[in-house]
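Since we're looking at a predicted model, the values are computed, not measured. Per chain, numbering begins at 1; letters A, B, ... match sequence-line order. Only this structure's heavy atoms are used, side chains among them; waters, hydrogens and symmetry mates stay out.
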Amino acid sequence: MVITRFAPSPTGYLHIGGLRTALFSWLWAKRNEGKFLLRIEDTDQARNSDDALNAIIKAFDWVGMSYDGDVVYQSKRFDVYTKYINQLLDEGKAYKCYMSKGELASLREEQMAKKERTRYDGRYRDFDGTPPDGVEPVIRIKAPLDGKLEFNDGVKGLISIDATEVDDFVIARADGTPTYNFVVAIDDFEMGLTTVIRGDDHLYNTPKQMIVYNALGFEMPKFYHVAMINNEQGKKLSKRDGATDVMDYQTQGILPEALLNFLVRLGWSHGDQEEFSIDEMIELFNPKDINKSSSNYNLDKLMWLNANYMKKMDRDKLIELLKDYGLDISTHSKKDNIIDATIERAKTLVELVSQINLILDTPKEYDAKSSKKAFKGEASKILKEFIEELKAKDILDTPKDYHDVMDNYLSKNELGFGKLGQPLRVALLGKMSGSGLDEIMYILGLDEVASRVENAIGFIES
RNA sequence: GACCCUUUCAUCUAGUGGCCAAGGAUACUAUGUUUUCAACAUAGUUACAGAGGUUCAAAUCCUCUAAGGGUCGCCA
C-alpha cells in the first residue's frame, strides 16, 4: 500500500508549487491504488487556520483532487507529541537546555564572525548541575556527534551530510509546544506514509527528521525532493511574477485539466508526450522519473494547453462553465454557432467570453484606426446596397446563405472582398479583426445586422 | 561565510558511452490558406555552462572552475 500526503502550513492560499508536489503525491497514490492524506501543519501560531484550510480545500476541489480520510491537524495532536518527548527524555535521547535566547544569539554572532556554520554548541547536552533561575528550558534532541547522516533520495540520489553539520535542535519550545521537524517525523510515521514527495527546500530537514526516526526506532519513508519552480528569469517565484495562487488560474479562465497538465510536465516527462489526461497521468506518473533540476515558469505553454483543452471540451459543459464568467448563452438558439465562431480565437475562458460578447454586443463606438481605414470611399454606398440585397433574400438559414449574398453582390459589381468585408466588419464589430462575417451575420440575424449597418452608415455620413 | 543541491535551444524537456553534425513541444520568423484576426499546414533560427582528463568513441564517466538555487530559528 502506497500512502502519500500533502502537508501545508495554513498560512494562506494554495501555491502553484504546492499544487505540483500535491499532484505528484496524489498521482502516485492513485496509480498504486493507495491513499493520499492531507495534514495541516499548525503547531505554531495557528493564524486564520480555517480560512487557509478552506482555501486549500477549495483549490483541491477545483482541480478535482481529493484526499482520503479526515484532515489531520497537528494542533490537535499535542498529547501524542508530548508522550514522545517524555519518552526521549526518559531514555536520555533528549535533554533540557537552559540557554536563553540572548545567549543563543550571541553564540550565533560569534560563529558568524568566525565564518562557521551557525549551530548550537551542545553546552547542556550532558548537564547535571543546578539549572539557572528563571529560565524555562527548551527540549533538544541528541544528534549524533560524528559520522555521516545519509539517506537515499528518490530524486537526488545519495545525500550525505557530516553529522557535525546538524546540531541538537529544539524539539519542544520553552512553552512546551513541539517543533516542526519533530512532529513531521512522528506524523509521517504514525500516518503510515510510505512515500514523501515534497519541495527540495526540505532537503536539509530530512537529516534532522532522520535523527527523530532513529531515536524513536521508526522506519523512514522513501523521500523524493522535487526542485523548486522558479520564474522565467530563474529566480524564486513571487507574486510579482503573476499568479501564484492556484485560484487565480480559475479567475483567468484556465481549465483545471490544463493547469494540471502544465504542472505535471514541470520536472517530469514521459518521452515526447505533451498532453496527458488525468487518467494518463495516473497511469504513467512515477516519482523516480522526476528531474533533479529546477524548472522555470513560463505561461506560454499553459495558454497553448488551455486552448487545446477548450477546443476538445464538450460544448454543453463549456457553455455551462461560461456562466461562471458572467455569460449565459445556454438558451441561445445559435449557441453552437457562437462557440464555433469564437473558440479558435480564445486561449482562456475569459477571452472566449469577450470574443462572444464582441459579437453579441452592439458596438458602442468604432475603433478610430479601423473606421478610418474601412469607412472611406464608397463604403457607405456599398453597405447600403448590400443590406438591400440581404433584405431581398428570402432564405437566410445558414452562414453559407449570408456568404452567398456577399459573393453575389461582389461579383455583380466586380468588387474585391475587402471593399465590402472591411466596412461590414467594422460596422458589425466596431473593429477590424474577429470571427468570420458569415458566421457573425448568421448569429445576429438579419434585423440586428441591418440595424448595426444602418448605424454605421449614419456614422459615416455625419 | 559554511554546508547541500543543480547546470541540454528564449522556455518545458528527450537523452543513462556509439542510433546525436542532439529529438519533441511552446515561443519566435517566413510562406501558404482565409474577407480580417485567430486557428491550421509547411519551412526555418536557436542548446550539451567552461576547462582538463578516462576511452577507439562522451551531452552521457571522473576532476576542477564558474553560475544559479536551497538551508543555516524556541517558522513551517
Is it the case that B/G1 (base atoms only) and A/Gln111 (side chain only) share a donor and an acceptor within less than 3.5 Å, ignoring hydrogens and angles?
no
Can you tell me which nucleotide in B/C72, B/C74, B/A14 comes closest to the side chain of A/Ser269?
B/A14
What string of B, S and - do you get for nucleotides 4-10 of chain B, 5' to 3', if B is base contact, S is sugar-phosphate-only contact and - is no contact with any protein heavy atom under 4.0 Å?
SSSS---
Which residues satisfy the side-chain hydrogen bond (donor to acceptor under 3.5 Å, both in side chains) test with A/Tyr124, sequence neighbours excluded?
none
Can you figure out which of B/A76, B/G24, B/U13 approaches the side chain of A/Thr179 most closely?
B/A76
Side chains of A/Glu389 and A/Asn408: any donor to acceptor distance under 3.5 Å?
no
Can you name the side-chain hydrogen bond (donor to acceptor under 3.5 Å, both in side chains) partners of A/Glu103, sequence neighbours left out?
A/Ser100
Going by salt bridge (Lys or Arg N to Asp or Glu O under 4.0 Å), name the pairs with one or both residues in residues 149-158 of chain A, residues two or more places apart or in two chains.
A/Lys156-A/Asp200
Give a yes-or-no answer on whether the side chains of A/Ser435 and A/Glu344 include a donor-acceptor pair shorter than 3.5 Å.
no
What does the B/S/- profile of nucleotides 34-40 of chain B look like, 5' to 3', with a 4.0 Å heavy-atom cutoff to protein?
-BBBBSS
Identify, with sequence neighbours excluded, every residue that meets side-chain hydrogen bond (donor to acceptor under 3.5 Å, both in side chains) alongside A/Thr244.
A/Tyr13
Under the side-chain hydrogen bond (donor to acceptor under 3.5 Å, both in side chains) definition, can you give me all pairs with a residue in residues 349-361 of chain A, not counting sequence neighbours?
none
Here the salt bridge (Lys or Arg N to Asp or Glu O under 4.0 Å) pairs for residues 364-386 of chain A, sequence neighbours left out, are A/Glu378-A/Lys381, A/Lys381-A/Glu385, A/Lys384-A/Glu461
Side chain of A/Asp201 only, please: which of B/U71, B/U26, B/U11 is the nearest?
B/U71
Could you work out the separation of B/A66 and B/A41 based on their P atoms and round it to a whole Å?
47 Å
Salt bridge (Lys or Arg N to Asp or Glu O under 4.0 Å) contacts in which one or both residues fall within residues 413-441 of chain A, not counting sequence neighbours
none
Tell me which residues in residues 371-390 of chain A lie within less than 4.0 Å of RNA chain B, going by non-hydrogen atoms.
none
Pull out every protein N or O sitting under 3.5 Å from an N or O of nucleotides 19-23 of chain B, one pair per line with the distance.
from, atom 1, to, atom 2, distance (Å)
B/G23, N2, A/Asp272, OD1, 3.1

Across all chains, not counting sequence neighbours, the side-chain contact (heavy atoms from CB on, under 4.5 Å) partners of A/Ala55 are none
